[in-house]
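What follows is a short report on a single structure.
Keep in mind the model is a prediction, meaning the values are calculated, not measured. This chain uses plain numbering: 1 for the first residue, then up along the sequence.
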Amino acid sequence: MPEPEATGTERNTASPDTIPDSPPPTGGLSPKSVAAWVLVALIGAIGWGVLALSRGEEISAAWLLAASLGSYAIGYRFYARFISDRVLKVDKTRATPAERLDNGVDFHPTDRRVLFGHHFAAVAGAGPLVGPVLAAQMGYLPGTIWIVAGVIFAGAVQDMVTLFFSTRRDGRSLGQMARDEIGPVGGAAALIAVFAIMVILLAVLALVIVNALAHSPWGVFSIGMTIPIALFMGVYLRVLRPGRVTEVSVIGVALLLLAIVAGGWVAESSFASTFTLEKETLVVWMIVYGFIASVLPVWMLLAPRDYLSTFMKVGTIALMAVGVVLAMPTLKMPAVTDFAARGDGPVFAGSMFPFVFITIACGALSGFHSLVSSGTTPKMIQKETQVRVIGYGAMLTESFVAVMAIIAACIIEPGLFFAVNSPAGVIGTSVETASQAVTHFGFAISPEALAQAAKDVEETSLLSRTGGAPTFALGMSQIFSSVIGGAGMKAFWYHFAIMFEALFILTTVDAGTRVGRFMLQDTLGNVHKSFKDISWKPGVWLASAVVVGGWGYFLWVGVKDPLGGINQLFPLFGIANQLLAAVALAVCTTLLIKSGRLRWAWVTGVPLAWDVAVTLTASYQKIFSDDVKVGFFAQRDKYQTGIDAGKVLPPAKNMDEMHTVVTNATVDGALSALFALLIVIVLLDAARTCFKAISDPPSVRLSEVPWTESKIVAPAGLIPTAEERAELAAAGLDSGGGRTKEPVA
């Protein structure tokens with residue numbers, strides 16, 4: 001059957017990519033390049049071989065680095081280029097929304113280096129830091145395989161393809177693209193599911209930040225200072241020295257390092273009390289900051305702050321990788337633990353399939369990324385050709401963060417890992433009971449060793465420090481102290497890592513709030529046309545207030561009540577995030593088919609099938625499982641039976657909390673069922689649309705905007721090629737690129 005060709009008034013037949021079989025850009029490899037890529041492939045293959053063939057012996061974490069970095073390089077150079085050039089047929093002559101609709105508020109052509117930093121910082125939140133740590137319960141091998149294979153064939157593909165199609169649609173949000181391209185039924189289900197899931201995700205991320213920064217003057221001061229530094233950088237690039245990215249980068253990094261060092265001084269000074277904030281105070285400040293970041297012009301605060309944060313994020317992770325190479329720590333955790341088969345682990349319950357793939361989200365495949373790829377980034381990208389480095393490349397970078405997180409978790413003693421990540425109800429509250437419980441798991445550790453581990457990082461206790469962040473900090477401190485300062489510096493590096501994690505996550509909350517504002521405005525635009533102009537001031541302020549009010553409410557209640565607010569919805573985080581990825585991949589697959597790319601629909605269709613199998617299996621188990629550690633309704637029945645018998649069961653401390661647990665389990669089970677149902681509706685409507693496009697090609701209608709000639713010259717990658725340098729020189733532009741003619745009308 002021939003592939004359907006898109007038709008209709010929305011389709012501009014002058015666009016270069018309307019010929020499905022037009023040859024992609026070529027660029028053969030020289031013998032020297034072939035030799036280099038063969039070497040890279042061999043390094044990756046040897047790394048995987050060592051990991052796969054080890055039989056119980058400890059191996060160096062450096063092999064895990066080799067396997068992942070070799071795979072990333074091959075994936076980016078060949079698979080990402082294949083998708084960009086052959087499947088998507090990116091067009092450097094086509095003007096992007098940033099160029100055509102530039103208004104200096106939401107649409108603004110942004111240097112690809114700054115935009116890479118913004119996009120990476122916006123998508124790289126808590127997931128790549130804590131998800132792999134928790135999944136280490138199953139051993140280092142299952143998580144590592146999913147992180148690397150998942151990102152190359154699923155996560156990075158989703159991000160790049162979503163960014164491409166959103167760019168072709170004036171930066172429309174994922175939910176609105178679903179409504180425009182799939183249909184009103186599936187689109188309505190997608191809009192509801194996407195917005196509800198996004199509010200939950202933002203509240204969860206915000207809670208992690210609040211917990212990390214509470215009573216931490218060093219962290220509050222250092223992170224707070226990134227805001228005025230970012231404002232200065234934004235004005236510098238926009239007004240004082242337009243286009244001088246290198247200059248502002250050097251200044252910004254210097255100021256950032258000074259802020260980090262000064263944070264330590266402040267923590268030891270009389271000003272410490274000023275920056276020692278309670279959780280409730282942090283919630284208020286975060287809500288205020290989220291609103292301001294959402295309404296200010298994107299060039300003024302959001303983009304420069306994310307770009308600045310990326311230097312610290314990528315720099316710290318790169319130094320951590322160097323530390324692994326220099327210190328050569330061994331992986332203490334087994335390749336695969338018994339918990340992988342039994343599914344009764346103390347960190348999280350459930351079998352390896354599907355729950356490893358749910359627990360590790362952002363490092364391999366994350367639905368939240370699709371919101372950014374259809375939110376701020378498509379409104380700022382200079383050229384279509386940059387979707388590869390920004391969409392695929394930034395996701396690979398985040399995946400490497402996840403690899404470093406799993407290394408951090410697996411180089412510490414397994415006994416310490418389980419003592420830190422198991423709840424108090426499982427291991428008790430003393431080092432003696434924890435030692436006994438962990439020994440029962442099969443990983444011996446003495447009470448003295450547990451006490452010494454806490455003393456080394458100047459903590460009173462490390463028991464039941466669940467959530468993943470403290471474990472990552474322990475691993476990072478072990479790596480850095482092995483290279484710099486020795487055991488005496490462990491405490492410094494541990495607390496540095498905690499502050500680093502808070503900075504990592506905050507950039508996701510502010511960008512996510514702005515993305516939520518775009519989503520809500522797109523949705524309201526279906527009812528009131530004024531909202532379709534996403535820079536319309538009343539719409540900007542109203543939508544921003546609704547979004548921050550949504551996640552802010554759940555965050556505030558969660559801080560005040562350990563069993564309420566976002567704490568009630570926290571168990572939905574992983575599944576909800578991956579269900580969101582199913583929506584994004586369904587939209588991308590539909591658009592590939594509708595736009596005449598049926599032969600390439602497997603690029604997103606295969607990851608979609610895998611993600612649907614994982615998430616719906618997990619949803620089914622969370623709803624119907626009889627295991628009280630897994631099933632929401634089974635948990636509800638257990639606590640309801642306890643109430644009927646007049647018993648108080650942990651973690652509840654009284655009968656009121658017993659009723660709260662019953663309510664929470666009921667709500668979580670009902671929402672799990674609702675989200676799964678909404679996703680099934682989206683999938684069925686998408687299948688209907690795809691079948692119609694294949695069987696009746698003339699009926700296809702796309703909401704893609706007409707082709708318009710681009711007046712901007714800019715490189716496709718972070719480093720210009722020789723051809724691009726010549727093009728820039730001929731246009732009289734530096735490496736940042738820019739306009740060569742009068743602005744496009």
Side-chain angles (χ1 to χ4, degrees), residues 158 173-204 350 353-355 357-358 361 365-368 370-371 516 519-520 522-523 526 550 554 566 568-590 604-605 607-627 630-637 662-692:
Q158 172 206 251
S173 65
L174 176 65
Q176 188 61 37
M177 284 198 296
R179 186 182 186 279
D180 293 342
E181 302 292 354
I182 293 178
V185 176
L191 285 168
I192 295 170
V194 168
F195 189 77
I197 291 172
M198 184 215 63
V199 170
I200 293 173
L201 298 184
L202 289 178
V204 169
F353 179 87
F355 289 105
F357 309 99
I358 294 296
L365 171 64
S366 170
F368 180 80
S370 65
L371 304 184
M519 290 171 52
L520 186 56
D522 275 348
T523 303
N526 297 314
F554 288 113
I566 193 54
Q568 179 186 52
L569 303 176
F570 199 96
L572 298 174
F573 179 83
I575 291 178
N577 189 38
Q578 298 303 70
L579 286 173
L580 193 55
V583 174
L585 289 168
V587 170
C588 290
T589 303
T590 302
T604 54
L608 170 62
W610 170 258
D611 185 52
V612 169
V614 168
T615 51
L616 292 186
T617 299
S619 297
Y620 181 87
Q621 292 186 17
K622 296 299 286 186
I623 296 168
F624 297 109
S625 175
D626 294 330
D627 185 346
V630 177
F632 289 129
F633 291 123
Q635 185 184 66
R636 178 200 63 185
D637 293 343
V662 169
T663 300
N664 290 354
T666 304
V667 170
D668 288 341
L671 286 177
S672 293
L674 174 62
F675 288 155
L677 176 62
L678 290 173
I679 300 310
V680 169
I681 291 173
V682 173
L683 294 174
L684 291 176
D685 210 17
R688 176 194 61 79
T689 301
C690 291
F691 179 79
K692 183 179 180 181

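A 6.0 Å sphere centred on OH of Tyr620 holds no more than 12 heavy atoms belonging to other residues, nucleotides or ligands.
Residues Ile197 and Val583 have side chains not in contact (no heavy-atom distance under 4.5 Å, counting atoms from C-beta outward). For the pair Leu677 and Ile681, the minimum side-chain heavy-atom distance is below 4.5 Å. Contact check for Phe573 versus Leu201: side-chain heavy atoms found under the 4.5 Å cut-off. Side chains of Thr689 and Glu181 form no contact here, defined as non-hydrogen atoms less than 4.5 Å apart. The shortest side-chain heavy-atom distance between Ser672 and Leu572 falls under the 4.5 Å cut-off. Lys622 is not listed as a side-chain neighbour of Asp668, based on a closest heavy-atom distance of 4.5 Å or more. By the 4.5 Å heavy-atom criterion applied to side chains, Ile623 and Phe633 are counted as neighbours. For the pair Leu579 and Ser619, the minimum side-chain heavy-atom distance is below 4.5 Å.
Of all heavy-atom pairs between Val194 and Met519, the closest is CG1-CE, 3.0 Å. In this structure, Arg688 and Gly183 approach most closely via the heavy-atom pair NH2-CA, 4.5 Å. Residues Ala582 and Leu683 come closest through the heavy atom pair O-CD2, 4.5 Å. Taking both residues in full, the closest heavy atoms of Ile358 and Ala618 are given as CG1-CB, 3.9 Å, listed atom of the first, atom of the second, then distance. Residues Ile182 and Ala686 come closest through the heavy atom pair CG2-N, 3.6 Å. Gln158 and Gly367 get closest at one heavy-atom pair: OE1-CA, 4.0 Å.
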Pair Phe195-Leu520, side-chain contact (heavy atoms from CB on, under 4.5 Å): steps then yes or no: CA-CA 8 Å; Phe195 189 77; Leu520 186 56; 4.1 Å; yes
Verdict with reasoning, Leu616 to Val680, per side-chain contact (heavy atoms from CB on, under 4.5 Å): CA-CA 9 Å; Leu616 292 186; Val680 169; 4.2 Å; yes
Stepwise side-chain contact (heavy atoms from CB on, under 4.5 Å) check, Phe355 with Val630: CA-CA 10 Å; Phe355 289 105; Val630 177; 4.1 Å; yes
Test side-chain contact (heavy atoms from CB on, under 4.5 Å) applied to Phe675 and Ile200, step by step: CA-CA 12 Å; Phe675 288 155; Ile200 293 173; 4.0 Å; yes
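Distance check: Phe357 CZ to Thr615 OG1 gives 12.5 Å after rounding to the nearest 0.5 Å. If you take CD1 on Ile575 and CG on Leu671, they are separated by 11.5 Å, rounding to the nearest 0.5 Å. Considering CG of Leu191 and CG of Leu174, their distance stands at 9.0 Å, rounded to 0.5 Å. In this structure, Gln635 CD and Thr666 OG1 are separated by 9.5 Å, a value rounded to the nearest 0.5 Å.
Although no hydrogens or angles enter the test, the distance criterion places a donor-acceptor pair under 3.5 Å between the side chain of Asp522 and the main chain of Ser173. Gln578 places no side-chain N or O within donor-acceptor distance of the main-chain N or O of Asp611, the cut-off being under 3.5 Å. The main-chain N or O of Gly187 is never found under 3.5 Å from a side-chain atom of Asp685 such that the two would form a donor-acceptor pair. Listed for the Ser370 side chain is no donor-acceptor partner under 3.5 Å among the backbone atoms of Ala581.
A donor and an acceptor atom, one from each side chain of Thr589 and Thr604, are located under 3.5 Å apart.
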